[in-house]
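To keep things clear, I will list the structure first and then write my remarks on it.
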Amino acid sequence: MNFDTLNILTIISCILIVYTVFMMFRDKRVTKLKVDMTSQKVEEALSDYDKVVKRTAGIERERQKNTGQHHDDETFYLNRAEVIRSKTNFFSFVNGN
Amino acid sequence: MIRQLFMWFLANAILPILVPVICLCVASWLYDGSFPFVEDFIALLEKGFYIFSALALIFSLFEESEKFRLCANAYEGMIIAGAILVTCIMFYLIETKDDQYIKTHVGQFLIIWFASAFYAGYLKYKLLKFNKSTKS
């Protein structure tokens, strides 16, 4: 079999196809990394207090559950807010009654 | 975006073959009343007209050359210039070599065509993604 120009071009084309497929996967990976970095930057922009609150949210919830302060049913908090609104003059404009 | 990519492919890969086929069909219809659409289509494909579809796909990227420069780096520009060169050499080979050579090496010609079209499609996808990200 003679090795001519066409064979060289075919080898170059095969390399190009492999390179393109590789770049497609690489782009996907880089996009995912960029998204992760953006969320990391959002995290870094928080204040120290916010960071502590965010990272200890799970522990705080556990503490509240153990001490009976936490309620899974959110209607408890809604009712409590309703009571506060009805009893506080400051929220009278929200009340609407 | 996939729809846009499909329409782009349809317009730039099929039309460079369809337009000369229709012109030939109209000419033969005026000449002797026949309309040999399929025969002309296959004859032009055997003549190597699929190279023009690959070239049209590559050259269509330069319609938005300003955005292309922003979203593609220097290596990709170099590779696309190389793809133009390779397809031109392929056309030269099809024109100069005899029919027997082309029939025995048709697979290699199709690989070269596919590589050019695939790479052009990849760059077009990047371009469309860049347009979408700058629009929002």
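Basis for what follows: all heavy atoms, side chains included, without hydrogens, waters or symmetry-related copies. Per chain, numbering begins at 1; letters A, B, ... match sequence-line order.
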- Residues B:K126, A:D27; criterion side-chain contact (heavy atoms from CB on, under 4.5 Å); working and verdict: CA-CA 9 Å; B:K126 275 186 85 172; A:D27 278 1; 4.0 Å; yes
Side chains of [X] and [Y] in contact at under 4.5 Å (non-hydrogen atoms):
X: B:H105; Y: A:T10; answer: no
X: B:F118; Y: A:M24; answer: yes
X: B:L93; Y: A:L9; answer: yes

- Message: Strictly less than 4.5 Å between heavy atoms, which residues of residues 32-39 of chain A line up against chain B? Please order them by number.
- Response: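 Residues in range: none.
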Contacting region of [X] [heavy-atom separation from chain A under 4.5 Å]:
X: B:I79; answer: side chain
X: B:Y101; answer: side chain
X: B:I111; answer: both

Verify same cluster id: [X], [Y] (apolar side-chain graph, 4.5 Å):
X: A:I11; Y: B:I112; value: no
X: B:L128; Y: A:V30; value: no
X: A:V21; Y: A:I12; value: no
X: B:I14; Y: B:I17; value: yes
X: B:I42; Y: B:F52; value: yes

Do other residues, nucleotides or ligands put more than 12 heavy atoms under 6.0 Å from [X] [atom1]?
X: A:Y77; atom1: OH; answer: yes
X: A:Q69; atom1: CD; answer: yes
X: A:R61; atom1: CZ; answer: no
X: B:F62; atom1: CZ; answer: yes
X: B:Y92; atom1: OH; answer: no

- Query: B:Y122, B:W113, B:F109, B:Y125: which one forms the most heavy-atom pairs within less than 4.5 Å of chain A?
  - Reply: B:Y122
- Kindly compute the distance separating OG1 (A:T5) from CE (B:M90), expressed to the nearest 0.5 Å. 13.5 Å
- Note on the structure: Listed by number, the residues in residues 24-35 of chain B that come under 4.5 Å of chain A (heavy atom to heavy atom) are none
